[in-house]
Amino acid sequence: MGLHKGHFRIISSGHYTPEHILSNRDLEKIVDTSDAWITSRTGIRERRIANGENTSDLALHAAQKALDKAAYDKSKIDLIIAATFTPELRSPGVAARVQAKLGLDKPGLLAFDVNAACTGFIFALNIAERLLKGGSYRSALVIGAEVISKVTDYRDRNTCVLFGDGAGALILEKDSKKEVFFNVSSRSDEDLILYVDQYINMNGPRVYQFASRVIESSIRELLQFGHFDMTGVHKIIPHQANMRIIESAAKALGVPLESFFVNIQKYGNTSAASIPIALDEMLEEETPLSGEKVLLVGFGAGLSYGACALTF
Ligand code: UT7
């Protein structure tokens, strides 16, 4: 699929993060690290950790907030896609659990998960767009939800300071007037520089290089394909993995750092949830958008990357 143009309208968004905060100072007591190292190398100050809640609980809260915000009739939803690499069960997936918890039993409703790590939410949006376009579906609930704390090794300072738990959701409807552009792709990762078995394993510097390169190239390709430039872009919402990656992407693209929405200091890296959480927080802070574009850009295990231009 790679680069393509599609259509949908964004109806509403919501996000949810667990109450419990794990600060850098807390981590200093667990591993050989320091607040100064974590803050200066990543931009992260604290992250949220689920306590007794699992991935579909977080996903449900985010979805419910999106429904409530728009007073949306949930019986209209005929497609639920959840991006996650941390489902609580191997099967059924998080989307199916959210369907059950919302009490949706509509004939033909499709609920399934997408595992594309930190790019998962953009892959899920891409799939939702194709299914809405196909004609059988009209209303999609797309969720990114993770409880990464359950696959984090709190003895490994290379990874445990980076990740947190959370969920974000978007409700979309078929609408041929609202353009959306995608640039999505999977690259082979023969060396497995980022993978999860019992715990997350990562060659940080190599993932860092990949991420820094791909944010710039995927956005440049998207702008060229869509025949628009940064003047029509209200904000860029990047996957929140490292503040320094975002700074180097801003420099490479020749745009001010303020063009990027950043909340990594509060939540760390929440993988597939980071983009929808940030998008919802941005929308809560802004006056309603009308006609502006918002760029989403993600990257992660696979390797995978995806950029997307939404029209509000
Ligand atoms: O969402 C999926 C995508 N993931 C990413 O995009 C993550 C990309 N990678 C990164 O963000 C960075 O590579 C990290 C934040 C993971 C690491 O930062 P870095 O500047 O690349 O550090 P490094 O791995 O090169 O390590 C530098 C030093 C090492 O010590 P020596 O060997 O130089 O003595 C590490 O052992 O920093 C040490 N170190 C730490 N020190 C204190 C690594 N983690 C820590 C820590 N606290 N938590």
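Every number for a ligand or one of its atoms is a count from 1 in the order of the listing.
Closest of all the heavy-atom pairs between Gly166 and Thr270 is N-CG2, 4.3 Å.
Interatomic distance, Leu310 CG to Phe182 CZ, rounded to the nearest 0.5 Å: 7.0 Å.
Other residues, nucleotides and ligands place more than 12 heavy atoms under 6.0 Å from the CG atom of Asp229. Counting non-hydrogen atoms of neighbouring residues, nucleotides and ligands closer than 6.0 angstrom, the CD atom of Gln224 reaches no more than 12 such neighbours. Other residues, nucleotides and ligands contribute more than 12 heavy atoms inside 6.0 Å of the CZ atom of Arg220.
Within a 4.0 Å radius of atom 31 (P) of ligand 1, the protein has no heavy atom. Under the 4.0 angstrom criterion, atom 15 (C) of ligand 1 counts as having a protein heavy-atom contact. For atom 28 (C) of ligand 1, no protein heavy-atom neighbour is present inside the 4.0 Å cut-off. There is a protein heavy atom less than 4.0 angstrom from atom 36 (O) of ligand 1. Of the protein's heavy atoms, at least one falls inside 4.0 Å of atom 46 (C) of ligand 1.
Residue-ligand proximity, Thr42 to ligand 1, at heavy-atom distances under 4.0 Å covers atoms 15 (C). Which parts of ligand 1 touch Val161 is read off a 4.0 Å heavy-atom cut-off, strictly below it: atoms 48 (N). Shown in contact with Cys118 at under 4.0 Å from a heavy atom are these atoms of ligand 1, numbered in order with element: 1 (O), 2 (C). Close approach of ligand 1 to Met202 is summarised as follows: ligand atoms under 4.0 Å from at least one heavy atom of the residue are 4 (N), 7 (C). Taking a cut-off of under 4.0 Å to the non-hydrogen atoms of Asn269, the atoms of ligand 1 that pass are 1 (O), 2 (C).
For the residue pair Ser139 / Glu173, no side-chain donor-acceptor distance below 3.5 Å is found, with atom types taken as modelled. Side-chain N/O atoms of Arg47 and Asn24 include a donor and acceptor closer than 3.5 Å. Of the N and O atoms on the side chains of Lys65 and Ser13, not one donor lies less than 3.5 Å from an acceptor on the other residue.
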Give the intermediate values and the outcome of side-chain contact (heavy atoms from CB on, under 4.5 Å) for residues Val184 and Phe123. CA-CA 7 Å; Val184 286; Phe123 279 21; 3.9 Å; yes

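For the side-chain contact (heavy atoms from CB on, under 4.5 Å) with Ile246, the qualifying choice from Ile215, Leu257, Ile236, Val297 is Leu257, the only one to do so. With Lys150 as the partner, the side chain to side chain donor-acceptor pair (under 3.5 Å) test is satisfied by one option alone out of Asn54, Asp165, Thr86: Asn54.
Proximity annotation for atom 6 (O) of ligand 1: of Gly204, Ser212, Ala241, Gly300, Ala241 comes nearest, heavy atoms only. Considering each of Asn242, Leu27, Thr270, Val207, the one bringing a non-hydrogen atom nearest atom 3 (C) of ligand 1 is Val207.
Ligand 1 lies within reach of Leu194, whose nearest heavy atom is under 4.0 Å from it. Using a 4.0 Å cutoff on heavy atoms, Phe210 does not count as a contact of ligand 1. A heavy-atom separation below 4.0 Å is not found between Ile38 and ligand 1. For the pair Pro205 and ligand 1, a heavy-atom separation below 4.0 Å is found.
Looking only at protein heavy atoms, the nearest one to atom 38 (C) of ligand 1 is Arg157 NH2, 3.7 Å. Nearest non-hydrogen protein atom to atom 18 (O) of ligand 1 is Arg244 NH2, 3.5 Å. The shortest contact between atom 43 (C) of ligand 1 and any protein heavy atom is with Asn158 OD1, 3.2 Å. Shortest contact from atom 20 (O) of ligand 1 to any protein heavy atom: Arg41 NH2, 2.7 Å.
Between His239 and ligand 1, at least one pair of N/O atoms sits closer than 3.5 Å.
Contacts with ligand 1 closer than 4.0 Å are made by heavy atoms of both the backbone and the side chain of Thr33. The proximity of Trp37 to ligand 1, defined as any non-hydrogen pair under 4.0 Å, is limited to the side chain.
Salt bridge Asp57/Lys101: present, at least one basic N to carboxylate O contact under 4.0 Å.
For the pair Asn203 (side chain) and Arg206 (backbone), a donor-acceptor distance under 3.5 Å is present.
Ring-plane geometry between Phe299 and His239 is classed as perpendicular, the angle between the planes exceeding 60 degrees on a 0 to 90 degree scale with a lower cut at 30.
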